[in-house]
Peer 1: 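Questions regarding the structure given below will be posed in turn.
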Amino acid sequence: MEHLPFSRLAYQLKLKIRGWLNYYGVYRKSEMRRLFKTLNQRLYKWVRNKYKRLKKKHWYYSLKHLQGIAESYPNMFEHWKYEGFRP
């Protein structure tokens, strides 16, 4: 399995996330929060698998690491540009 850098992963997901924002933003705004919460959960699981130091620790540490990245680079993922959808 190839370990992508965060920026490459964000680039690969950019159009898909933008499509979800356009669709759910028009028809189902209430579903957006659940959708992006699930996406953020998948991202911190990805972080946990990517970094050896986080692999055996509690999932909370990988979430904190992801929150630090979101704070430093708030425009990395499309849904992070909106305040309510950051991890």
Side-chain angles (χ1 to χ4, degrees):
M1 183 173 151
E2 180 184 349
H3 289 288
L4 300 173
F6 239 83
S7 58
R8 179 118 185 252
L9 180 66
Y11 178 75
Q12 288 182 348
L13 292 175
K14 183 177 188 175
L15 292 177
K16 187 173 290 273
I17 294 171
R18 193 177 292 167
W20 290 338
L21 284 167
N22 289 335
Y23 178 78
Y24 287 114
V26 173
Y27 297 108
R28 296 190 178 167
K29 292 181 182 179
S30 61
E31 293 291 319
M32 290 175 68
R33 184 163 309 280
R34 186 168 43 174
L35 174 72
F36 292 129
K37 179 180 178 184
T38 303
L39 179 59
N40 286 332
Q41 287 175 344
R42 292 298 304 152
L43 284 173
Y44 73 71
K45 286 180 182 180
W46 181 83
V47 166
R48 190 173 182 190
N49 288 329
K50 181 172 174 58
Y51 298 107
K52 286 183 180 179
R53 69 178 187 270
L54 297 173
K55 199 169 266 201
K56 293 186 179 183
K57 291 191 176 190
H58 196 265
W59 61 266
Y60 177 75
Y61 293 104
S62 58
L63 176 62
K64 283 296 184 186
H65 184 76
L66 187 64
Q67 287 174 341
I69 293 171
E71 188 176 313
S72 299
Y73 305 100
N75 295 328
M76 183 175 285
F77 286 93
E78 288 293 315
H79 66 290
W80 286 359
K81 292 178 182 177
Y82 303 98
E83 187 66 36
F85 300 132
R86 288 190 198 143

Peer 1: Output all residues satisfying side-chain hydrogen bond (donor to acceptor under 3.5 Å, both in side chains) with Arg33, sequence neighbours left out; order by chain, then residue number.
Peer 2: none
Peer 1: Just verifying a value: how many Å separate Tyr51 OH and Lys57 NZ, rounded to the nearest 0.5 Å?
Peer 2: 14.5 Å
Peer 1: Working to the nearest 0.5 angstrom, can you tell me the gap between Trp59 CH2 and Lys45 NZ?
Peer 2: 10.5 Å
Peer 1: Test side chain to side chain contact (heavy atoms under 4.5 Å, CB included) on His65 and Arg53 and set out the steps.
Peer 2: CA-CA 11 Å; His65 184 76; Arg53 69 178 187 270; 3.5 Å; yes
Peer 1: Find out whether the Lys NZ or Arg CZ of Arg28 is both under 6.0 angstrom from the six-membered ring centre of Tyr24 and within 45° of the ring's axis.
Peer 2: no
Peer 1: When rounded to the nearest 0.5 angstrom, what distance separates NZ in Lys64 from CD in Glu71?
Peer 2: 9.5 Å
Peer 1: So, do Tyr82 and Phe85 sit near enough that their side-chain heavy atoms are less than 4.5 Å apart?
Peer 2: yes
Peer 1: Report yes if the side chains of Asn40 and Trp80 come closer than 4.5 Å at any heavy-atom pair, otherwise no.
Peer 2: yes
Peer 1: Is there a path of hydrophobic side-chain contacts, each under 4.5 Å between heavy atoms of I, L, V, M, F, W or Y residues, that connects Leu15 with Leu9?
Peer 2: no
Peer 1: Would you kindly confirm whether Tyr23 and Leu39 end up in one hydrophobic cluster when ILVMFWY residues are joined by side chain heavy atoms under 4.5 Å apart?
Peer 2: yes
Peer 1: Check whether any side-chain heavy atom of Tyr44 lies under 4.5 Å from a side-chain heavy atom of Ser62, and answer yes or no.
Peer 2: yes
Peer 1: Given side chains that start at C-beta, do those of Val47 and Leu43 come closer than 4.5 Å, heavy atoms only?
Peer 2: no
Peer 1: Tell me, yes or no, whether the heavy-atom count around Lys81 atom NZ, taken from other residues, nucleotides or ligands under 6.0 Å, exceeds 12.
Peer 2: yes
Peer 1: Looking at side-chain heavy atoms only, is the closest gap between Arg8 and Gln12 below 4.5 Å?
Peer 2: yes
Peer 1: Quick check, are the ring centers of Trp46 and Phe6 under 6.0 angstrom apart?
Peer 2: yes
Peer 1: Measure the CD-CZ distance between Glu78 and Phe36 for me, rounded to the nearest 0.5 Å.
Peer 2: 9.0 Å
Peer 1: Supply the atom-to-atom distance Leu21 CG to Met32 CE, rounded to the nearest 0.5 angstrom.
Peer 2: 4.5 Å
Peer 1: Tell me, yes or no, whether the heavy-atom count around Gln41 atom CD, taken from other residues, nucleotides or ligands under 6.0 Å, exceeds 12.
Peer 2: yes
Peer 1: What distance separates Ile17 CD1 from Asn22 CG, expressed to the nearest 0.5 Å?
Peer 2: 12.0 Å
Peer 1: Could you pull out all residues at least two apart from Arg86 that satisfy salt bridge (Lys or Arg N to Asp or Glu O under 4.0 Å)?
Peer 2: Glu83
